[in-house]
Visitor: 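Questions regarding the structure given below will be posed in turn.
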There are 2 protein chains.
Amino acid sequence: MNEEQNIFHKYLEKHDLRDTLQRELILQIFLRREGHISAEQLYDLVKKRDPSIGQATVYRALKLLIEAGLAREIDFGDGVIRYEHKYNHPHHDHLICRGCGKTLEVVDSVIEKLQKRVAESYGFELTDHEMYLYGYCENCRQKRQ
Amino acid sequence: MNEEQNIFHKYLEKHDLRDTLQRELILQIFLRREGHISAEQLYDLVKKRDPSIGQATVYRALKLLIEAGLAREIDFGDGVIRYEHKYNHPHHDHLICRGCGKTLEVVDSVIEKLQKRVAESYGFELTDHEMYLYGYCENCRQKRQ
DNA sequence: ATTGCAATTGATAATCATTATCCTTTTGCA
DNA sequence: TGCAAAAGGATAATGATTATCAATTGCAAT
Ligand SMILES: [Mn+2]
Ligand SMILES: [Mn+2]
Ligand SMILES: [Zn+2]
Ligand SMILES: [Zn+2]
């Protein structure tokens, strides 16, 4: 059993939640998949392994994964929430191509420090932030000229 | 006639769009209101002046205002898109209190420069970005201790 | 192993902001 | 004034997510 599964089981136990086949399967498939995945995409993968699972169960399991600290929501503003691994996957921001949709994960420690400083200069205690950088990747720039 | 109205009329003319009472009223009310306003909030204000206006018209007019460069969308991730003035209201980011929902508009020129640099280091040409800083304002911090 | 029961599930209906549709009313211009 | 195209209002549709509810299941105590 890997560490994420362990965390999940501990979380279930601590909150008097039950360990079900559905939850195990959804967790397993979520963990196997790197990157950003929507509830529907995850549902499609889950269905392949067990067509009897309903999509409400996938939504419910994702909520659990977030509460357990294993998943994190990403909102690219296109009306669909995506999920990514949180365990061993520290905070980062996203660089998104407006041409092809490709996304890169980026972090700049100077920006992070300045964000904190800006917030404090207004009397805020910063808890978290979201930063989305939009532009055109190298490929897309070459195509359009 | 103020400058924004002028821009709007030029835009209508250029695109063979018609100058209607509804559009004028919606523009006027939008311009009077500072800050971030949702389509529904704007619709409520518009209804007070002319109850015969439908909310689809407000949505349609907001889209026009964006195309004309007079409005800009803000997505705080709560499922409702808000709109703010764009004319004479240059780019800025938002500092949001998780306690009371208060928002401040902030800009840090060093962060802006670094964002560009980060993007370029990945071969991206940055076109725009969104940055939301979340935390607790001074008031909310005092209340909770 | 069996039982009791709260937790869970799957199917389906409901939400809710935003869009599309469709028919009627205006607008801009000849 | 008349006409065609644009716009408006009412309302249905959309689509992701959430709520509901009857049937099933996990699990702890027997
Ligand atoms: Mn990511
Ligand atoms: Mn603003
Ligand atoms: Zn690209
Ligand atoms: Zn506050």
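Numbered from 1 within each chain, the chains take letters A, B, ... in sequence-line order.
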Visitor: Starting at CD of B:Q55 and ending at P of C:dC16, how long is that distance when rounded to a whole Å?
Guide: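 In whole Å, C:dC16 P and B:Q55 CD are 13 Å from each other.
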Visitor: With ILVMFWY side chains joined below 4.5 Å, transitively, what does A:Y136's cluster contain besides itself?
Guide: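 For A:Y136, no cluster forms, as it stays isolated from other hydrophobic side chains.
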Visitor: Please give me every residue in residues 73-80 of chain A whose heavy atoms get under 4.0 Å of an atom in DNA chain D, ordered by residue number.
Guide: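 Heavy-atom contacts with DNA chain D come from A:G79, A:V80.
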Visitor: Check which hydrophobic residues are tied to B:Y134 through side-chain heavy-atom contacts below 4.5 Å, counting indirect links as well, and list them.
Guide: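 So far as hydrophobic clustering goes, B:Y134 is joined with B:I74, B:F76, B:I96, B:Y132.
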Visitor: Who are the side-chain contact (heavy atoms from CB on, under 4.5 Å) partners of A:A61, not counting sequence neighbours?
Guide: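 Partners of A:A61 under the side-chain contact (heavy atoms from CB on, under 4.5 Å) test: A:I26.
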Visitor: Under 4.0 Å, counting only non-hydrogen atoms across every strand here, what does A:S52 touch: a base, just sugar-phosphate, or nothing?
Guide: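 Result for A:S52 = sugar-phosphate.
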Visitor: Return the 5'-most residue of the pair B:Y59, A:G54 with respect to DNA chain C, ranking by each residue's nearest nucleotide.
Guide: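 The residue closer to the strand's 5' end, by nearest nucleotide, is A:G54.
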Visitor: Rounded off to whole Å, could you give me the CD1-to-C1' distance for the A:I26 and C:dT8 pair?
Guide: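 Roughly 11 Å, once rounded to whole Å.
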Visitor: Excluding sequence neighbours, so at least two apart, what forms side chain to side chain donor-acceptor pair (under 3.5 Å) with B:R144?
Guide: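 For B:R144 there are no side chain to side chain donor-acceptor pair (under 3.5 Å) partners, ignoring immediate neighbours.
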Visitor: If you find the nucleotide of DNA chain C closest to B:L17 and the one closest to B:K63, which residue's nucleotide is nearer the 5' end?
Guide: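 The 5'-side residue here is B:K63.
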Visitor: What is the distance, to the nearest angstrom, from the CD atom on B:E40 to the P atom on C:dT19?
Guide: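 It works out to 14 Å between those atoms.
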Visitor: May I ask you to list the residues sharing a hydrophobic cluster with B:V107, side-chain cutoff 4.5 Å, ordered by chain and number?
Guide: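 Once heavy-atom contacts under 4.5 Å are chained together, B:V107 still belongs with nothing else.
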Visitor: side-chain contact (heavy atoms from CB on, under 4.5 Å) with B:E105: which residues, sequence neighbours excluded?
Guide: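 Per chain and number, B:E105 pairs via side-chain contact (heavy atoms from CB on, under 4.5 Å) with B:H36, B:E84, B:H89, B:H92, B:H94.
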Visitor: Let me know which of B:E4, B:R33, B:R49 forms a side-chain hydrogen bond (donor to acceptor under 3.5 Å, both in side chains) with B:Q28.
Guide: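 For B:Q28, the side-chain hydrogen bond (donor to acceptor under 3.5 Å, both in side chains) test succeeds with only one of B:E4, B:R33, B:R49, which is B:R49.
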Visitor: Between which nucleotides of DNA chain D, 5' to 3', does chain A make heavy-atom contacts below 4.0 Å?
Guide: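 So the outermost contacting nucleotides come out as D:dA16 to D:dC27.
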Visitor: Could you go over nucleotides 21-27 of chain C and give all protein N or O partners under 3.5 Å, atom names and distances?
Guide:
unit_1	atom_1	unit_2	atom_2	d
C:dT27	O2	B:R18	NH1	2.6

Visitor: Side chain to side chain donor-acceptor pair (under 3.5 Å) with A:R98: which residues, sequence neighbours excluded?
Guide: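 A:R98 satisfies side chain to side chain donor-acceptor pair (under 3.5 Å) with B:D128 once adjacent residues are dropped.
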Visitor: Using atom CG of B:L42 as one end and atom C1' of C:dT18 as the other, report the distance to the nearest whole Å.
Guide: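 Atom CG in B:L42 sits about 15 Å away from atom C1' in C:dT18.
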Visitor: Other members of the hydrophobic cluster containing A:Y122, with the 4.5 Å side-chain heavy-atom rule, please.
Guide: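 Its cluster mates, by chain and number, are A:L95, A:L104, A:V106, A:V110, A:I111, A:L114, A:V118, A:F124, A:L126, A:M131, A:L133, B:L95, B:L104, B:V106, B:V110, B:I111, B:L114, B:V118, B:Y122, B:F124, B:L126, B:M131, B:L133.
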Visitor: Nearest whole angstrom, please: distance from the C1' of C:dA6 to the NE2 of A:H15.
Guide: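 Whole-Å distance recorded here is 17 Å.
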Visitor: Given that B:D16 and B:D50 both sit by DNA chain D, which one's nearest nucleotide is further toward the 5' end?
Guide: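 Looking at the nearest nucleotide for each, B:D16 comes out on the 5' side.
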Visitor: What pairs meet the salt bridge (Lys or Arg N to Asp or Glu O under 4.0 Å) rule with one or both residues in residues 50-61 of chain A, with sequence neighbours excluded?
Guide: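 Pairs touching residues 50-61 of chain A that pass the test: none.
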Visitor: Going by an N to O cut-off under 4.0 Å, is there a salt bridge joining A:E73 and A:R82?
Guide: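 No salt bridge links A:E73 with A:R82.
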